[in-house]
Amino acid sequence: QVQLQESGPGLVKPSQTLSLTCTVSGDSITTNYDYWSWIRQPPGKGLEWMGAIGYSGITYYSPSLKSRTSISRDTSKNAFTLQLSHVTPEDTAVFYCARFKNPGIGYDYWGQGTQVTVSS
């Protein structure tokens with residue numbers, strides 16, 4: 001059973017950097033064709049894909065967030081991390097990490113999500 005668990009602060013001040021970690025169990029983040037994504041959902045809005053890190057370590061970012069987003073991984077901890085810089089209240093959202101399985105399976109495992117509020 002694959003499990004993903006997000007962790008990080010629930011409150012971040014404007015202009016600071018938001019940092020979240022997703023710890024994975026039941027699968028290695030280096031498994032071929034697995035892509036590990038960050039997805040967020042602002043209040044009252046739909047899901048927004050932010051970026052991903054692939055099994056080889058290559059990163060992919062949403063064009064709209066690329067300038068503020070960084071995704072990295074720690075294979076020794078089987079975890080990957082999201083950093084979003086220069087946050088504003090508009091970045092308030094529930095943040096999810098998820099596994100995208102290739103080929104042809106798609107998103108099959110998600111974390112429970114973590115609420116992050118940007119406020120002074």
Side-chain angles (χ1 to χ4, degrees):
Q1 178 74 9
V2 179
Q3 293 184 320
L4 295 85
Q5 180 65 59
E6 303 93 348
S7 61
L11 181 64
V12 181
K13 295 184 184 301
S15 80
Q16 292 187 340
T17 295
L18 177 162
S19 184
L20 296 174
T21 296
C22 182
T23 302
V24 179
S25 60
D27 184 22
S28 169
I29 61 173
T30 62
T31 297
N32 280 350
Y33 312 123
D34 285 352
Y35 295 82
W36 303 92
S37 295
W38 286 101
I39 296 163
R40 69 179 180 177
Q41 186 169 29
K45 298 184 179 180
L47 295 171
E48 178 185 21
W49 180 79
M50 302 180 69
I53 186 164
Y55 58 97
S56 64
I58 295 175
T59 52
Y60 309 84
Y61 298 107
S62 166
S64 64
L65 295 170
K66 185 175 183 178
S67 64
R68 299 196 291 131
T69 307
S70 177
I71 298 174
S72 59
R73 68 180 185 176
D74 185 338
T75 56
S76 68
K77 296 180 179 179
N78 209 40
F80 60 106
T81 297
L82 169 74
Q83 290 191 310
L84 181 66
S85 63
H86 303 102
V87 297
T88 72
E90 286 67 41
D91 292 310
T92 294
V94 177
F95 287 76
Y96 299 91
C97 56
R99 186 180 81 169
F100 186 92
K101 188 74 171 176
N102 262 343
I105 294 177
Y107 290 104
D108 57 354
Y109 288 100
W110 292 68
Q112 64 183 18
T114 187
Q115 172 72 45
V116 178
T117 300
V118 180
S119 175
S120 56

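Residue Q5 holds its CD atom at 4.5 Å from CD of Q112, rounded to the nearest 0.5 Å. How far OG1 of T69 is from CE of M50: 4.5 Å, rounded to the nearest 0.5 Å. Remark: D91 CG to T117 OG1 distance equals 11.5 Å, nearest 0.5 Å. In this structure, the separation between CZ on R99 and CD on Q3 is 12.0 Å, given to the nearest 0.5 Å. Remark: S37 OG to L4 CG distance equals 10.0 Å, nearest 0.5 Å. We find the CD1-CG distance between I29 and D34 to be 10.0 Å, quoted to the nearest 0.5 Å.
Using a 4.5 Å cut-off between side-chain heavy atoms of Ile, Leu, Val, Met, Phe, Trp and Tyr, with links allowed through other members, V94 and W38 fall into different hydrophobic clusters. Residue L47 is grouped with residue W49 when hydrophobic side chains (ILVMFWY) are merged at heavy-atom distances under 4.5 angstrom, including chains of intermediate members. Transitive grouping of hydrophobic side chains (ILVMFWY, heavy atoms separated by less than 4.5 Å) brings F100 and Y60 into a common cluster. Y96 and I105 fall into different hydrophobic clusters, defined by Ile, Leu, Val, Met, Phe, Trp and Tyr side-chain heavy atoms under 4.5 Å apart, directly or through other members. Y109 and V24 end up in the same hydrophobic cluster when Ile, Leu, Val, Met, Phe, Trp and Tyr side chains are linked at under 4.5 Å.
E6 places a side-chain N or O within 3.5 Å of a backbone atom of G113 that can act as its donor or acceptor partner. Of the possible polar contacts, none joining the N32 side chain to the Y55 backbone as a donor-acceptor pair under 3.5 Å is found. In terms of modelled atom types and a separation under 3.5 Å, the side chain of T92 and the main chain of V118 share a donor-acceptor contact. The closest donor-acceptor contact from the side chain of R68 to the backbone of L84 lies at 3.5 Å or more, if one exists at all.
When every heavy atom of V87 is checked against every heavy atom of K13, the shortest pair comes out as CG2-O, 3.4 Å. Scanning both residues, Y61 and S70, for their nearest heavy atoms gives OH-CA, 3.5 Å. Across Y107 and A98, no two heavy atoms sit closer than the pair CD2-CB, 3.8 Å. Contact between E48 and S64 at its shortest, heavy atoms only, is OE2-OG, 3.9 Å. Scanning both residues, P14 and S120, for their nearest heavy atoms gives CD-N, 3.6 Å. Residues P43 and A93 approach most closely at CD-CA, 4.4 Å, considering heavy atoms.
Other residues, nucleotides and ligands contribute only 12 or fewer heavy atoms inside 6.0 Å of the OH atom of Y33.
Classification of the F80-W36 ring pair by plane angle, with boundaries at 30° and 60°, yields tilted.
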Evaluate the side-chain contact (heavy atoms from CB on, under 4.5 Å) criterion for residues I39 and W110: first the C-alpha distance (whole Å), next the side-chain angles of each, then the deciding distance (0.1 Å), finally the verdict. CA-CA 10 Å; I39 296 163; W110 292 68; 3.5 Å; yes

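With a 4.5 Å cut-off on side-chain heavy atoms, T81 and S19 count as touching. You'll find the side chain of S28 reaches within 4.5 Å of the side chain of N78, heavy atoms only.
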